[in-house]
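Computed from a prediction, not measured in an experiment: that's the story for all the values here.
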Amino acid sequence: MPVIAPACPILRGRAVATSSAPVARKRSALRGAVIAKAATVDAPRKFQQPGQGVKQVNVVYKFGGSSVRDAERMREVADIICSFPQYLPCVVLSAMGKTTNMLLECGELALKTPTDQIGDLAPLKNIRKLHLDTCDELGVEAAVRTEVDRMVNELQQLLIGISIMQDLTPRAKDSLVSFGERLSTRIFASYMRVNGVAARQHDAWELGMTTTDDFTNADVIYEASLPAIKKALAPAPGTAQPEVPIVTGFLGRGQNTGAVTTLGRGGSDLTATVLGAALELPEVQVWKDVDGVLTSDPRIVPSTKPVNELTFEEATELAYFGAQVLHPQAMQPAIRSGKMNVRVKNSYNRTAPGTIISATRPMDCTVVTSIVLKSNVTLVDIISTRMMGQYGFLSTVFDAFRRHKISVDVVATSEVSVSLTLDPKKVAGAVEDELTQLSQELEKIAAVSFRKNLAILSLICNVEKTSEILMRAFSVFQRENINVLMMSQGASKTNISLVVDGARGVEAVQALHREFFDGPSVCSTNSGVTVGLGNGNGNGNGSHN
């Protein structure tokens with residue numbers, strides 16, 4: 001798909017308000033000196049400058065942690081960026097490899113480590129070694145290597161503060177994990193420059209990425225962010241060759257506190273689509289380590305296949321029910337834009353077309369698009385002990401869940417009962433404690449029981465063919481002797497969820513994938529042409545509407 005559109009050169013942004021104004025000004029001046037010194041390096045010409053003759057950024061690329069995990073992968077990403085000369089990209093990067101996990105581990109260890117031993121923390125040593133070794137292997141500018149070393153020392157000072165205070169607040173945790181993206185983008189931008197590519201690093205908050213002050217899981221404030229980003233990345237008058245912006249994913253600035261915030265794990269996808277929406281681009285490309293969105297998890301189903309097209313609704317459902325391809329909120333900027341597509345591509349296989357995600361797609365020949373497994377789920381059954389027709393029952397139940405801050409995944413209701421599933425990772429406290437308190441609160445109106453260690457099978461599908469899908473799915477379950485404990489069809493009309501015993505979850509996914517994808521299937525298009533599809537039954541006999 002051709003990608004042509006507005007803006008993205010570079011203006012310097014504001015310094016993040018994470019400390020006093022004098023300190024922020026000092027850091028800003030220091031960083032300016034680093035960039036100025038780096039600009040004097042006589043760079044060899046190894047890469048072709050992307051977007052030659054293009055005055056405005058016309059695509060956003062996002063690369064995840066596995067794509068920039070070490071020096072070798074960073075070289076490959078740079079080569080990808082420079083392999084498409086018709087595009088002037090704005091590049092969003094995640095932290096290198098497992099850096100975010102190591103940073104969080106540092107924070108937890110700092111709470112139980114004396115201040116004079118913080119420098120000896122194993123994950124801190126690993127972070128220092130990974131980033132300085134990468135600087136050396138890539139031959140980055142000396143000024144940038146010095147800045148990276150200074151930032152790791154600053155990270156160590158933050159950990160000493162956590163040790164002294166004996167408190168790792170959500171605000172401190174966001175400052176802590178922000179070092180991952182801040183380090184990776186500085187190293188990568190320098191590597192691009194020493195290889196002849198005009199590039200400049202940006203912390204996302206400098207460009208105007210403004211969020212709520214909900215630390216560790218902030219929401220983007222679009223009304224403030226979009227116009228600010230568009231202005232910050234507007235073409236600079238008289239610029240001969242616009243620089244490639246290298247932007248931190250995952251990070252923003254709290255609207256009221258001015259402190260560093262994060263968009264939740266995987267939030268770099270959201271950063272990319274926010275930038276694309278702000279710049280009014282037709283396409284954002286999210287580069288992962290798989291050939292786009294797949295028909296299931298390849299770790300479970302070896303025969304999984306790439307999905308060529310998805311709608312935003314389908315992609316959102318996939319993300320919410322556990323597919324690790326896109327951040328759950330990443331589709332929202334594209335939906336708001338109304339004209340932007342998202343393409344998922346493989347940085348290990350750049351020629352693969354990937355998956356294009358857009359507002360609509362032809363559904364005539366679609367039965368099941370993808371099957372997602374969500375494990376370690378708890379099923380809660382709540383049965384009213386009052387008379388039938390008692391109004392306010394559901395309102396009372398869900399109000400109790402709200403007060404206990406318990407997030408619900410799948411719901412099935414009747415007049416006197418409600419069954420729902422919980423993800424333990426989304427429950428504020430221990431699941432048993434929260435459910436015990438919930439049972440006590442609801443005991444006057446309902447009997448509450450729960451079952452743990454279950455699994456949700458989510459079929460992302462064309463629910464206009466529900467009868468066919470359920471007939472074939474339950475035939476599989478009967479044949480495999482798998483019992484369905486609960487079923488729900490969402491209001492989105494793209495998802496059917498089935499709850500089964502967690503011990504049978506993987507087996508159930510594999511059997512369903514054989515049914516819907518591994519056999520031949522045919523579909524007649526409007527023009528009467530018969531085309532082969534990858535979703536027939538496991539016996540090789542196509543079943544379709």
Report yes or no: do Arg145 and Ser190 form a side-chain donor-acceptor pair below 3.5 Å?
-> no

Do the side chains of Asp120 and Lys125 get nearer than 4.5 Å, heavy atoms only?
-> yes

Check: Asp409 and Leu420 side chains under 4.5 Å, non-hydrogen atoms | no

Determine, step by step, whether Gln329 and Leu263 satisfy the side-chain contact (heavy atoms from CB on, under 4.5 Å) criterion, reporting the C-alpha distance in whole Å, the side-chain angles of both residues, the deciding distance to 0.1 Å, and the verdict.
-> CA-CA 9 Å; Gln329 295 292 334; Leu263 306 178; over 6 Å; no

Please test Val194 against Leu138 for side-chain contact (heavy atoms from CB on, under 4.5 Å), starting from the C-alpha separation and ending with a verdict.
-> CA-CA 9 Å; Val194 299; Leu138 295 179; over 6 Å; no

Answer yes or no: does atom CD of Glu72 have more than 12 heavy-atom neighbours from other residues, nucleotides or ligands under 6.0 Å?
-> no

Just wondering, do Leu251 and Arg182 contact through their side chains at under 4.5 Å, heavy atoms?
-> yes

Which residues share a salt bridge (charged side-chain N to carboxylate O under 4.0 Å, His left out) with Asp219, sequence neighbours left out | none

Ala78 and Met192 have their tightest heavy-atom pair at CB-SD, 3.6 Å

Could you grab the distance from atom OG of Ser458 to atom CZ of Phe321, nearest 0.5 Å is fine?
-> 4.5 Å

Okay, side chain of Thr273, backbone of Ala330: is any donor-acceptor separation there less than 3.5 Å?
-> yes

Return yes if a side-chain donor-acceptor contact under 3.5 Å exists between Thr262 and Asp174, otherwise no.
-> yes

Any Lys/Arg nitrogen of Asp149 or Arg128 sitting under 4.0 Å from an Asp/Glu carboxylate oxygen of the other?
-> yes

Could you state the interatomic distance from CG (Leu457) to CG (Leu498), rounded to the nearest 0.5 Å?
-> 6.0 Å

Does some side-chain heavy atom of Lys288 sit less than 4.5 Å from a side-chain heavy atom of Ser347?
-> no

Under the 6.0 Å and 45° cation-pi test, does Arg73 pair with Tyr348?
-> yes

Under 4.5 Å between any side-chain heavy atoms of Leu318 and Leu326, yes or no?
-> no

Could you please spell out the steps behind the salt bridge (charged side-chain N to carboxylate O under 4.0 Å, His left out) verdict for Asp213 and Arg171?
-> CA-CA 9 Å; Asp213 292 288; Arg171 178 169 176 165; over 6 Å; no

Working to the nearest 0.5 Å, report the span between CG of Leu226 and CE of Met209.
-> 8.5 Å

Criterion salt bridge (charged side-chain N to carboxylate O under 4.0 Å, His left out) on Arg186 and Asp203, from CA distance to verdict = CA-CA 9 Å; Arg186 282 164 170 79; Asp203 293 322; 3.2 Å; yes

Could you tell me whether the side chain of His131 reaches within less than 4.5 Å of the side chain of Ile127, counting heavy atoms only?
-> yes

Distance-only, no hydrogens or angles: does the Gln255 side chain make a donor-acceptor pair with backbone N or O of Thr211 under 3.5 Å?
-> no

Separation between NZ (Lys98) and CG (Leu130), nearest 0.5 Å, reads 13.0 Å

For Val307 and Leu294, which heavy atoms make the closest approach, and how far apart are they?
-> CG2-C, 3.9 Å

Do Lys46 side-chain atoms and Gly196 backbone N/O form a donor-acceptor pair below 3.5 Å?
-> no

Search all heavy atoms of Leu88 against all heavy atoms of Pro50 and return the closest pair with its distance.
-> CD1-O, 3.8 Å

Answer yes or no: is there a donor N or O on one side and an acceptor on the other, between the side chain of Gln285 and the main chain of Val342, under 3.5 Å?
-> no

Under a 4.5 Å cut-off applied to non-hydrogen side-chain atoms, are Glu137 and Asp70 in contact?
-> no

side-chain contact (heavy atoms from CB on, under 4.5 Å) between Leu422 and Phe450: does it pass, once the steps are laid out?
-> CA-CA 10 Å; Leu422 311 177; Phe450 55 93; over 6 Å; no

Identify which one of Gln201, Arg69, Met96 satisfies the side chain to side chain contact (heavy atoms under 4.5 Å, CB included) criterion when paired with Ser184.
-> Met96

Without swapping roles, check the side chain of Thr210 against the backbone of Ser225 for a donor-acceptor pair under 3.5 Å.
-> no

Just jot down the side-chain hydrogen bond (donor to acceptor under 3.5 Å, both in side chains) partners of Asp79, sequence neighbours excluded, or say none.
-> Arg350

Taking all atoms of both residues into account, what is the closest heavy-atom pair of Thr421 and Ile456, and its distance?
-> OG1-CD1, 3.4 Å

Closest approach of Leu275 and Val92, non-hydrogen atoms and distance?
-> CD1-CG2, 3.4 Å

Value rounded to 0.5 Å, distance of CH2 in Trp287 from NZ in Lys345 = 4.5 Å

Looking at OG1 of Thr115 and CD of Gln156, how far apart are the two atoms once the value is rounded to the nearest 0.5 Å?
-> 10.5 Å

Val247/Thr185 under side-chain contact (heavy atoms from CB on, under 4.5 Å): CA gap, chis, key distance, verdict | CA-CA 7 Å; Val247 183; Thr185 50; over 6 Å; no

Taking the side chain as every heavy atom from C-beta outward, state whether Lys374 and Val372 have any atom pair closer than 4.5 Å.
-> no

Provide the closest heavy-atom pair for Leu373 versus Ile300 in the form atom of the first, atom of the second, distance.
-> CD2-CD1, 3.7 Å

Verify the distance criterion only: is there a donor paired with an acceptor across the side chains of Tyr191 and Glu141 at less than 3.5 Å?
-> no

Between the main-chain N or O of Leu159 and the side-chain N or O of Ser163, is there a donor-acceptor pair closer than 3.5 Å?
-> no

Short side-chain donor-acceptor distance under 3.5 Å, Thr304 and Thr295 = yes

